[in-house]
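Each remark here refers to the structure printed beneath this line.
None of these values were measured; they are calculated from a predicted model.
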Amino acid sequence: MLVYPSSIDLSSRTLRHLTEQLVIRQREIGTRWRRLPAGRQALLALAHLRCGDTYARLAAGFGIGIGTVYRYIHEAIEVLALHAPTLAAAIETARTKAFVILDGTLLPIDRIAADSPYYSGKHKRHGMNVQVLTDPFGRLIWASPALPGATHDLTAARSHGIVDALAAAGLKCWADKAYQGAGRHIRVPFRGRRLKRWKRRHNSSHAKIRCVGEQAMAVLKGWRLLRKLRCSTNRITDIVKAVLVLHHAST
């Protein structure tokens, strides 16, 4: 087996944050010895999340078994997910902003045609629906639990309680046409082909504001594991939470 050095485009602050959380976890459960120290375990988990490296490649690179790689990564994701902000905390953060941007994204998964609940007709592929809240500058505030890809964005936003939370907080929100009918506090563009000139101008200005939220999608997809998930769909929510915590730790 040939082994070569590589790099991860993350700051040392991210590595330190995860290492500290793993050290705390090991003290809580009374761990005495491990094949890898907390720092190396953190590096292992980051290589998986950021670069999408497989268990087999990581096992060869770190000199441990595939089963050990799985346990270490699963533990790191679990530790990070516990510190992910709740929707209530995100709304409190959003109160200090002029407005927020709401959008949904599809995280691709490896499912077959028979798995219809996970097939998105909009994207023409299988995946998981994740709702994202960003500030006016496109900075990621919160990401929702993952739902099957066939779920409509408005249905997902309502099931997560996003629509009611924004209304209760009196927050202004910009969103795309998929959220039509969510309420007056969620501003969406006008629908139709033959629109009046003032409506077209409104849609143009609306798009300029909302497109900033695409930066948050790019942040999520910057973690290469989320570009093609091959794990159980039950684990995807924790993975998204772990990525959100690491992103906030690095900014």
Side-chain angles (χ1 to χ4, degrees), residues 49 77-95 97 99-109 111 117-123 125-169 171-183 185-188 210 212-223 225-229 231-249 251:
L49 293 170
I77 290 174
E78 187 180 62
V79 167
L80 290 169
L82 292 174
H83 294 85
T86 62
L87 177 59
I91 293 297
E92 287 301 314
T93 301
R95 286 179 185 274
K97 313 296 181 182
F99 60 89
V100 294
I101 301 172
L102 172 63
D103 203 356
T105 187
L106 187 80
L107 303 180
I109 60 175
R111 287 296 182 273
Y118 299 99
Y119 185 78
S120 170
K122 175 182 177 181
H123 298 276
R125 66 191 307 178
H126 292 81
M128 300 294 286
N129 181 300
V130 173
Q131 299 295 301
V132 172
L133 285 175
T134 68
D135 69 6
F137 300 99
R139 291 179 295 227
L140 185 60
I141 298 176
W142 180 78
S144 74
L147 293 176
T151 308
H152 191 274
D153 282 338
L154 179 56
T155 302
R158 283 174 171 164
S159 64
H160 294 310
I162 301 172
V163 175
D164 292 338
L166 291 173
L171 284 169
K172 296 179 181 179
C173 176
W174 265 252
D176 61 23
K177 296 177 182 178
Y179 300 90
Q180 196 90 26
H185 56 288
I186 297 183
R187 302 185 179 185
V188 298
R210 188 179 56 80
V212 179
E214 295 296 330
Q215 297 179 19
M217 305 304 178
V219 167
L220 285 178
K221 298 300 175 65
W223 297 80
L225 183 66
L226 297 181
R227 297 178 186 177
K228 185 66 172 181
L229 289 155
C231 61
S232 168
T233 54
N234 296 327
R235 294 186 56 208
I236 294 177
T237 292
D238 281 349
I239 292 174
V240 172
K241 288 182 178 180
V243 167
L244 180 63
V245 171
L246 290 172
H247 169 69
H248 286 166
T251 55

Taking all non-hydrogen atoms of both residues, which atom of [X] and which atom of [Y] are closest, and how far apart?
X    : Y    : result
A143 : V130 : CB-CG1, 4.2 Å
P148 : P117 : CB-O, 3.0 Å
I236 : I109 : CD1-CG2, 3.7 Å
V132 : A216 : CG1-CB, 4.0 Å

- Task: Any chance you could lay out the side chain to side chain contact (heavy atoms under 4.5 Å, CB included) test for V219 and H247, step after step, and finish with the verdict?
- Result: CA-CA 8 Å; V219 167; H247 169 69; 3.5 Å; yes
Which residues pass the side-chain contact (heavy atoms from CB on, under 4.5 Å) test with [X], not counting sequence neighbours?
X    : result
A90  : I141, W142
T155 : T151, H152
S120 : L106, K122, H123

- Query: If you count the non-hydrogen atoms of other residues, nucleotides and ligands that lie under 6.0 Å from CZ in R227, is the total more than 12?
  - Reply: yes
- Query: Can you tell me if H185 uses its side chain to pair, donor with acceptor, with the backbone of V163 under 3.5 Å?
  - Reply: yes
Hey, could you give me the [atom1]/[atom2] distance between [X] and [Y], rounded to the nearest 0.5 Å?
X    : Y    : atom1 : atom2 : answer
T134 : I101 : OG1   : CD1   : 4.0 Å
S159 : N129 : OG    : CG    : 8.5 Å
L246 : T251 : CG    : OG1   : 10.5 Å
L102 : R210 : CG    : CZ    : 10.5 Å
I186 : L154 : CD1   : CG    : 7.5 Å

Residues two or more places apart in sequence or in another chain: which of them pass side-chain hydrogen bond (donor to acceptor under 3.5 Å, both in side chains) with [X]?
X    : answer
H160 : S144
R139 : D135
E78  : R25
R95  : E92

- So I91 and L171, side chain to side chain contact (heavy atoms under 4.5 Å, CB included) or not? Walk me through it. CA-CA 9 Å; I91 293 297; L171 284 169; 4.1 Å; yes
With a cut-off of 3.5 Å and sequence neighbours excluded, list every side-chain donor-acceptor pair involving residues 79-88.
| residue | atom | partner | partner atom | Å |
| --- | --- | --- | --- | --- |
| H83 | ND1 | V79 | O | 3.0 |
| H83 | NE2 | Q21 | OE1 | 3.2 |
| T86 | OG1 | A89 | N | 3.2 |

- Query: Which one of L107, L244, L229 satisfies the side chain to side chain contact (heavy atoms under 4.5 Å, CB included) criterion with I239?
  - Reply: L229
Which donor-acceptor pairs under 3.5 Å do the side chains of residues 172-182 make with protein atoms, sequence neighbours left out?
| residue | atom | partner | partner atom | Å |
| --- | --- | --- | --- | --- |
| D176 | OD1 | A178 | N | 3.0 |
| Y179 | OH | G104 | N | 3.3 |
| Y179 | OH | Q131 | OE1 | 2.4 |

- Message: Any non-hydrogen side-chain atom of T105 less than 4.5 Å from a side-chain atom of K221?
- Response: yes
Going by salt bridge (charged side-chain N to carboxylate O under 4.0 Å, His left out), name the pairs with one or both residues in [range], residues two or more places apart or in two chains.
range            : result
residues 234-246 : none
residues 141-155 : none
residues 155-169 : none

